Amino acid sequence: MADTVRVRIAPSPTGTLHIGNVRAGLFNWLFARRMGGVFILRIDDTDAARSKPEYEENIKASFRWLGMDWDEGPDIGGPFGPYRQSERMDRYLTAAERLLAEGKAFRCWCTAEELEASRQAAARRKEAPRYDGRCLNLTDADRAKFESEGRKAAIRFRLPEGPPVIVDDLIRGRVEMPRGMLDHFIIVRSDGKPVYNFCTALDEADHRITHVIRGDDHLSNTPKQMLVMEALGITPPRYAHLPQILGIDKARLSKRHGAQGVLELRDEGFLPEAVLNFLALLGWSYDDKTELFTPAELKASFSLDRVGKAPAVFDETKLLWMNGQYIRNGPAERIEADLRARIAAAHGALPAAGDAAYVGRVIALLRESLKTLGEIGPLSEFFFRDEVVWEDEAKARLAGWPRAAEILAAVTGIVKDTSPFTPEALEAAFRAKAESMGLKFKELVHPARFATTGRVAGPSLFHALEVLGRDRCLARLASAAKLPPA
RNA sequence: GUCCCCAUCGACUAACGGUCAGGUCAUCACCCUUUCAAGGUGGUAAUGCGGGUUCGACUCCCGCUGGGGACACCA
């Protein structure tokens with residue numbers, strides 16, 4: 001069969017899109033692109049109570065930011081739409097009616113209380129909580145009685161007898177699921193709303209999905225979906241169940257660690273390429289050495305048979321490293337534009353931030369040392385404020401520095417007289433002055449840094465001085481000289 | 001409780017049944033150096049346990065332990 005590969009990501013809009021969904025989406029997208037297939041975005045919003053339009057927007061914005069383009073979806077349509085479960089209700093209900101008519105499903109009038117009582121009884125006997133099938137063989141009189149009491153029926157799938165359900169998983173291999181674990185499960189609630197496992201089975205079929213690639217928390221749902229398809233005469237897709245992503249504490253990903261929304265990663269200053277690269281390597285590997293992949297390389301080299309089975313821990317430290325790599329070696333214009341925006345947001349009110357050329361020089365100086373774009377704000381602050389904002393440690397070290405006053409005076413002289421005002425000339429002047437004062441080079445440099453930046457660490461001092469400019473440096477040296485000594 | 005899945009350095013992972021168990025992040029040391037990063041060099045560090053099968057097991061089989069998931073009128 002040379003059928004076109006069709007895969008999908010089907011998040012439910014009940015929260016912001018988090019890392020686990022993104023990784024599942026990524027693997028689907030990569031697989032589709034690699035196979036020349038179709039990537040579909042579907043919105044699983046059968047849970048009307050918790051679903052919200054803004055979350056759907058968040059999902060789309062997240063994928064867009066990452067460059068994961070979909071070929072069919074709720075916003076762009078496609079030949080097999082609609083792609084939102086809430087718009088497919090009549091489809092689900094029609095299928096349920098058909099199963100009912102064929103005796104493959106039945107109505108159940110049990111109340112929540114009755115079911116709960118039955119479950120508790122089972123728990124007391126230390127048995128699995130199962131539906132006892134009591135509504136399977138009701139008489140017409142029973143049904144009429146329930147209806148007259150105003151009870152509403154749910155629709156249950158009639159679980160057929162048979163051998164274990166086989167999931168021939170592309171990642172796990174052959175998995176056998178005994179039917180004993182399954183129930184006559186609900187497919188339509190008593191309020192008329194169809195249930196996820198039922199909808200999903202129909203969606204895969206209607207959207208002509210060929211490969212369902214999803215988290216392995218769905219592995220045990222798979223038999224239900226396959227049984228529904230079987231009852232409807234549908235050939236099931238291939239399945240590939242991905243290992244889970246765990247938090248740093250090895251627990252399931254949740255708020256706190258990596259489960260924040262992807263857009264938050266963007267806001268913190270992670271580059272989409274870095275996030276994509278990092279996520280791709282969570283559960284997949286190309287070989288025994290390659291770590292850095294551009295999106296194009298990922299699309300060209302991804303394959304399901306190199307996806308592992310063991311769950312992976314989301315290690316933000318490595319993401320940080322990778323992001324640093326992309327900031328240093330990535331697309332310069334885009335990164336600079338982003339950094340300009342962040343500087344404007346952080347220091348826009350300050351006059352120096354309005355000087356585009358000056359901002360460009362600041363960025364050139366700091367970009368190399370960033371791990372996230374967001375760090376530019378605090379790191380660049382001293383370039384924009386008129387008055388130095390002192391770090392406690394810088395102030396303390398300057399105050400305790402031997403011959404501090406003398407050194408500051410000497411540095412002031414250098415800054416005043418050096419021409420041209422370049423890093424090279426400044427460094428030469430510093431070296432000469434250190435020599436003549438009988439000081440080590442660094443004994444002159446450190447106090448100069450404290451006084452002109454208010455910090456103990458930062459970019460190359462002479463480059464920083466050049467960017468700051470002679471006047472700012474002189475003003476700062478003058479005010480540093482007035483600080484009380486230790 | 002029942003069923004299903006999983007198990008290599010702290011983390012991500014590589015290894016046709018035969019490698020000295022390799023790479024990356026982190027960590028440590030050293031180098032570079034005006035500080036912090038970056039960069040360079042080197043080091044520490046793993047096959048959960050117990051049985052098999054085999055000339056030979058990280059790799060295949062069984063058990064145990066540990067972790068995760070499912071058993072809903074959630075998705």
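These values consider heavy atoms only, across backbone and side chains, with no hydrogens, waters or symmetry-generated copies. As the structure is a prediction and not an experimental result, all values here were calculated from the model. Proteins come first, then strands; the chains are lettered A, B, ... in the order of their sequence lines, and each starts at number 1.
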For nucleotides 72-75 of chain B, tabulate all protein N/O to nucleotide N/O atom pairs closer than 3.5 Å, reporting atom names and distance.
{"residue": "A72(B)", "atom": "OP2", "partner": "Pro129(A)", "partner atom": "O", "Å": "3.0"}
{"residue": "C73(B)", "atom": "O2", "partner": "Ser190(A)", "partner atom": "N", "Å": "2.8"}
{"residue": "C73(B)", "atom": "O2", "partner": "Ser190(A)", "partner atom": "OG", "Å": "3.0"}
{"residue": "C73(B)", "atom": "N3", "partner": "Ser190(A)", "partner atom": "OG", "Å": "2.8"}
{"residue": "C73(B)", "atom": "N4", "partner": "Cys110(A)", "partner atom": "O", "Å": "2.6"}
{"residue": "C74(B)", "atom": "OP1", "partner": "Arg189(A)", "partner atom": "NE", "Å": "3.3"}
{"residue": "C74(B)", "atom": "OP2", "partner": "Arg189(A)", "partner atom": "NE", "Å": "2.1"}
{"residue": "C74(B)", "atom": "OP2", "partner": "Arg189(A)", "partner atom": "NH2", "Å": "2.8"}
{"residue": "C74(B)", "atom": "O3'", "partner": "Arg189(A)", "partner atom": "NH2", "Å": "2.8"}
{"residue": "C74(B)", "atom": "O2'", "partner": "Asp47(A)", "partner atom": "OD2", "Å": "2.9"}
{"residue": "C74(B)", "atom": "O2'", "partner": "Arg50(A)", "partner atom": "NH2", "Å": "3.2"}
{"residue": "A75(B)", "atom": "OP1", "partner": "Thr46(A)", "partner atom": "OG1", "Å": "3.2"}
{"residue": "A75(B)", "atom": "OP1", "partner": "Arg189(A)", "partner atom": "NH2", "Å": "2.6"}
{"residue": "A75(B)", "atom": "OP2", "partner": "Arg189(A)", "partner atom": "NH2", "Å": "3.4"}
{"residue": "A75(B)", "atom": "OP2", "partner": "Tyr196(A)", "partner atom": "N", "Å": "3.1"}
{"residue": "A75(B)", "atom": "O3'", "partner": "Asp44(A)", "partner atom": "O", "Å": "3.1"}
{"residue": "A75(B)", "atom": "O2'", "partner": "Ser12(A)", "partner atom": "OG", "Å": "2.7"}
{"residue": "A75(B)", "atom": "N6", "partner": "Asn221(A)", "partner atom": "OD1", "Å": "3.3"}
{"residue": "A75(B)", "atom": "N6", "partner": "Asn221(A)", "partner atom": "ND2", "Å": "2.9"}
{"residue": "A75(B)", "atom": "N1", "partner": "Asn221(A)", "partner atom": "ND2", "Å": "3.3"}

Is there any protein nitrogen or oxygen under 3.5 Å from a nitrogen or oxygen in nucleotides 43-48 of chain B, and what are the pairs?
none

Under 3.5 Å, which protein N or O atoms sit close to an N or O of nucleotides 39-42 of chain B? Give each pair with its distance.
{"residue": "G39(B)", "atom": "OP1", "partner": "Gln325(A)", "partner atom": "NE2", "Å": "3.2"}

**OP:** Please name all residues satisfying salt bridge (Lys or Arg N to Asp or Glu O under 4.0 Å) with Glu424(A), sequence neighbours left out, ordered by chain then number.
**Re:** none

Original post:
Taking only residues two or more places apart in sequence, or in another chain, which ones meet Glu435(A) in a salt bridge (Lys or Arg N to Asp or Glu O under 4.0 Å)?
Top reply: none

Original post:
Quick one, which residues of residues 288-295 of chain A touch RNA chain B with a heavy atom under 4.0 Å?
Top reply: Asp288(A), Lys289(A), Glu291(A)

What does the list of N/O pairs under 3.5 Å between the protein and nucleotides 3-7 of chain B look like, with a distance for each?
{"residue": "C5(B)", "atom": "O2'", "partner": "Arg172(A)", "partner atom": "NH1", "Å": "2.5"}

Original post:
Partners of Arg472(A) by salt bridge (Lys or Arg N to Asp or Glu O under 4.0 Å), sequence neighbours excluded?
Top reply: none

Original post:
Listed by chain and number, what are the salt bridge (Lys or Arg N to Asp or Glu O under 4.0 Å) partners of Asp338(A), not counting sequence neighbours?
Top reply: Arg342(A)

Original post:
Taking protein heavy atoms under 4.0 Å as touching, what does nucleotides 29-36 of chain B look like 5' to 3' if B marks base contact, S marks sugar-phosphate-only contact and - marks none?
Top reply: -----BBB

Subject >> Under-4.0 Å salt bridge between Glu149(A) and Arg151(A) >> reply: yes

Original post:
According to the side chain to side chain donor-acceptor pair (under 3.5 Å) rule, which pairs have a member within residues 451-470 of chain A, sequence neighbours left out?
Top reply: Ser460(A)-His463(A)

**OP:** Would you please name every residue forming a side chain to side chain donor-acceptor pair (under 3.5 Å) with Glu336(A), sequence neighbours left out?
**Re:** Arg340(A)

Subject >> Tyr83(A) and Trp70(A) aromatic centres sub-6.0 Å >> reply: no

